[in-house]
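The structure appears right after this line, and notes come after that.
The figures that follow rest on heavy atoms only: side chains count, while hydrogens, waters and symmetry mates do not. Lettering follows sequence order; numbering is per chain, from 1.
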There are 2 protein chains.
Amino acid sequence: MTMPDHAQSLLSQLPANVLAAECPSRQVLSHLTSRWGTLVMLVLLGGTHRFSELRRCIGGVSERMLAQTLQQLETDGFVLRIAHEVVPPHVEYSLTKLGQEAGAHIAALTHWIETALPRIQAAKGVPEPA
Amino acid sequence: MTMPDHAQSLLSQLPANVLAAECPSRQVLSHLTSRWGTLVMLVLLGGTHRFSELRRCIGGVSERMLAQTLQQLETDGFVLRIAHEVVPPHVEYSLTKLGQEAGAHIAALTHWIETALPRIQAAKGVPEPA
DNA sequence: GGAAGTGCCTACATTTTTGTAAGTATACCG
DNA sequence: CGGTATACTTACAAAAATGTAGGCACTTCC
């Protein structure tokens, strides 16, 4: 045995398989689920925002990390960056169509966590069957 | 201005807010979206598995990381660990009810990535509007 | 005129994460 | 009897992520 049945079923017709170490989907996943990536997607799902706005509403991000995260999401094709050539700089970030689709799933997960948090904290340490 | 409107709306009635740095939901999110956490949830969504099975079907995990990840998910109440007191050891991992709910969202995201991968790769570098 | 705001980047230091290898107790297989 | 498998843990080392501080080229506000 090298792989359980359901893993095979996951492979089925899909063009990618996250369970495989070398699959490019792994990297996309890691960008979307990175510490700040998830939160950026979440905020941008609410509409276009400037760099400093993002920085302010995402508690705890440093400028460095925010910039890095935005670049990753941009090169992945999830975020659209529009820079107005003025000074002081004015840059707007928004989600692409792809970004909105991904963002919807991220929002679903985070929203679930936010509402389920009481249950999660109650379950801590208390062994619970499925 | 300290926070955009939609961020306020996210706060609404929810018992938690991921955008706040100190919110406990942040940690839960980070466990579920950690490098291996996501994949473990995904596999366990397919049913009960032993440690070594998980290790084999999740490409690239080390024993150390798998053990650590499972422990985190267990203390968060997502994973149920059942150890049969025999030698050699026999341990089974499965998802709790909470874990299944969270896992469903994770599966939706990863499944989307797997199917959208061609589009994502095509979009790389090509600026695309929403 | 001085301070604050804008959207970054870069160098450097620190922290965190992750990998590697070895050890454990025992049973089963040939 | 030697090798393999099980489910881990621990110590040590290497790699990656992250934070901090400073700079830039201006403009607007007080």
Side chain to side chain contact (heavy atoms under 4.5 Å, CB included) test vs A:Phe78 passes for just one of A:Leu73, A:Val40, A:Leu70, namely A:Leu73

- Task: Evaluate the side-chain proximity of A:Leu98 to B:Trp112: yes if any heavy-atom separation is below 4.5 Å, no if none is.
- Result: yes

A:His49 NE2 to C:dC8 P, in whole Å, measures 15 Å

In numerical order, the residues of residues 24-41 of chain A whose heavy atoms come under 4.0 Å of DNA chain C are none

For this session: Answer yes or no: is there a side-chain heavy-atom contact under 4.5 Å between B:Trp36 and B:Leu66?
Result: no

The side chain to side chain contact (heavy atoms under 4.5 Å, CB included) partners of A:Ala83 (sequence neighbours excluded) come to A:Arg81, A:Val91

Those residues at least two apart in sequence (or on a different chain) that pass side chain to side chain donor-acceptor pair (under 3.5 Å) with B:Arg119 are A:Glu101

(message) OP1 or OP2 of D:dA7 versus the side-chain N and O atoms of B:Arg50: is any pair under 4.0 Å?
(response) yes

Taken to the nearest whole Å, CZ/A:Arg55 to C1'/C:dG7 is 11 Å

Note: contacts of residues 84-92 of chain B with DNA chain D (heavy atom, under 4.0 Å) are B:Pro88, B:Pro89, B:His90, B:Val91

Between the CD1 atom in B:Ile106 and the CG atom in B:Leu45, the distance rounded to the nearest 0.5 Å is 8.5 Å

Rounding to 0.5 Å, atoms CG (A:Leu80) and CG (A:Leu44) come to a distance of 10.5 Å

The reported gap from CD1 in B:Ile58 to CG in B:Leu42 (rounded to nearest 0.5 angstrom) is 8.5 Å

For the residue pair B:His84 and B:His90, does the interplanar ring angle fall in the parallel (under 30°), tilted (30 to 60°) or perpendicular (over 60°) class?
-> perpendicular

For the residue pair A:Leu39 and A:Val61, establish whether any side-chain heavy-atom pair is separated by less than 4.5 Å.
-> no

Could you list the donor-acceptor pairs under 3.5 angstrom formed by side chains in residues 18-32 of chain B, with sequence neighbours left out?
unit_1, atom_1, unit_2, atom_2, d
B:Arg26, NE, B:Val18, O, 2.6
B:Arg26, NH1, A:Gly59, O, 3.2
B:Arg26, NH2, A:Gly59, O, 2.8
B:Arg26, NH2, B:Val18, O, 3.3
B:Arg26, NH2, B:Leu19, O, 3.2
B:Ser30, OG, B:Gln27, O, 2.8
B:His31, ND1, B:Asp76, OD2, 2.6

When rounded to whole Å, the CZ to P distance for the pair B:Arg56 and D:dT4 reads 15 Å

Rounded to whole Å, the CD-P distance (B:Glu53 to D:dA5) equals 14 Å

Note: contacts of residues 62-72 of chain A with DNA chain C (heavy atom, under 4.0 Å) are A:Glu63, A:Arg64, A:Ala67, A:Gln71

